[in-house]
Amino acid sequence: MKIDGSVALVTGANRGLGRAFARELVGRGAAKVYGAARDPAAVSEPGVLPVALDITDPDQVTQAARQCPDVSLLVNNAGVLKYSTFINAPDLDAARAEMETNYFGTLRMCRAFAPVLAANGGGAIVNMLSVTSFYTNPLDASYGASKAAEWSLTNGVRLELHHQGTLVVAVHASFIDTDMAALTDAPKISPESVARQVFDAVEAGQVEVLADERSRFVKASLSRDHELIYPPIEEFWDAAVKGSG
Ligand SMILES: NC(=O)c1ccc[n+]([C@@H]2O[C@H](COP(=O)([O-])OP(=O)(O)OC[C@H]3O[C@@H](n4cnc5c(N)ncnc54)[C@H](OP(=O)(O)O)[C@@H]3O)[C@@H](O)[C@H]2O)c1
């Protein structure tokens, strides 16, 4: 589909990658860009129309779909990362919060907007996933589980909406230079680069974006993950646990 003339809605458009998505859409000539955020007053990007939306609130999601009946491109960007392990986390709160936002929130948005997209010719859904959809790292274990669930939902939604001509794009990246990755000094890709790659893919009708070298390596290594992906993480984690003891 063409971005020029499309009507887009971006969740979490107030900062980070969501703001970069909204800016890129405006720059590519989208007819309208709804910038959804828990605090709509924080949506400051020129040319973007603020919409109040917490994706974990079913009533707000229903209301957003009513309020924005012209959407042809849904960008499910909103997400949370709690840096929580499976075993040593004090309780399940972080794991539940990540699943509630990243998986159930995105699922709720896809369900609410599927009829809107159908009414507008099919359009497209972009789901912002992660390289951790493909493997687990103890540093952000429960986040990875939520992103793996979101990857599965993305593949399923693509199948369920194929008949109505909706393109469903899965986007995987390692670290992106936003607040979410502020704790690490690891190499980061810019949010602007991710936004450009994503809308190039939408225009080309591609179902997957592997936005950086790490994502391309991990996806290509999945059939040999216990040789190529996990041993260096085990080594790192064992050293960290021994160091902290
Ligand atoms: N940064 C990375 O390294 C990285 C890598 C791979 C994938 N991702 C994914 O990229 C997406 C964007 O992340 P980011 O890097 O821009 O992170 P960020 O800077 O932490 O921004 C997260 C955005 O999501 C919004 N959000 C969180 N919970 C929400 C909810 N319940 N309803 C509506 N909005 C909500 C936040 O709104 P508030 O301002 O109200 O909190 C904020 O706008 C996420 O899905 C993330 O998992 C990020």
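Computed from heavy atoms alone, side chains included, the values below leave out hydrogens, waters and symmetry copies. Residues take their numbers from the sequence shown, with the count starting at 1. Just so you know, ligand 1 is whichever comes first in the structure, and atom 1 is the first atom listed for that ligand. These numbers were taken from a predicted model, which means no experiment stands behind them.
- Between the side chains of Ser215 and Asp212, at least one donor N or O sits under 3.5 Å from an acceptor N or O.
- Protein residues lining ligand 1, listed by chain and number: Gly12, Asn14, Arg15, Gly16, Leu17, Arg38, Leu53, Asp54, Ile55, Thr56, Asn77, Ala78, Gly79, Val80, Thr101, Met128, Leu129, Tyr143, Lys147, Ala173, Ser174, Phe175, Ile176, Thr178, Asp179, Met180, Ala181 [non-hydrogen atoms, distance under 4.0 Å].
- Under the ring pair (Phe, Tyr, Trp, His ring centres under 6.0 Å) criterion, His163 pairs with no residue at all, not counting sequence neighbours.
- Checked by atom type, the side-chain pair Ser146/Glu150 shows no donor-acceptor distance below 3.5 Å.
- The pair Glu98-Lys82 fails the salt-bridge criterion, with no side-chain N (NZ, NE, NH1 or NH2) lying under 4.0 Å from an Asp/Glu carboxylate O.
- The side-chain heavy atoms of Arg108 and Ile55, taken from C-beta on, include no pair separated by under 4.5 Å.
- Counting heavy atoms from C-beta on, the side chains of Val7 and Tyr34 come closer than 4.5 Å.
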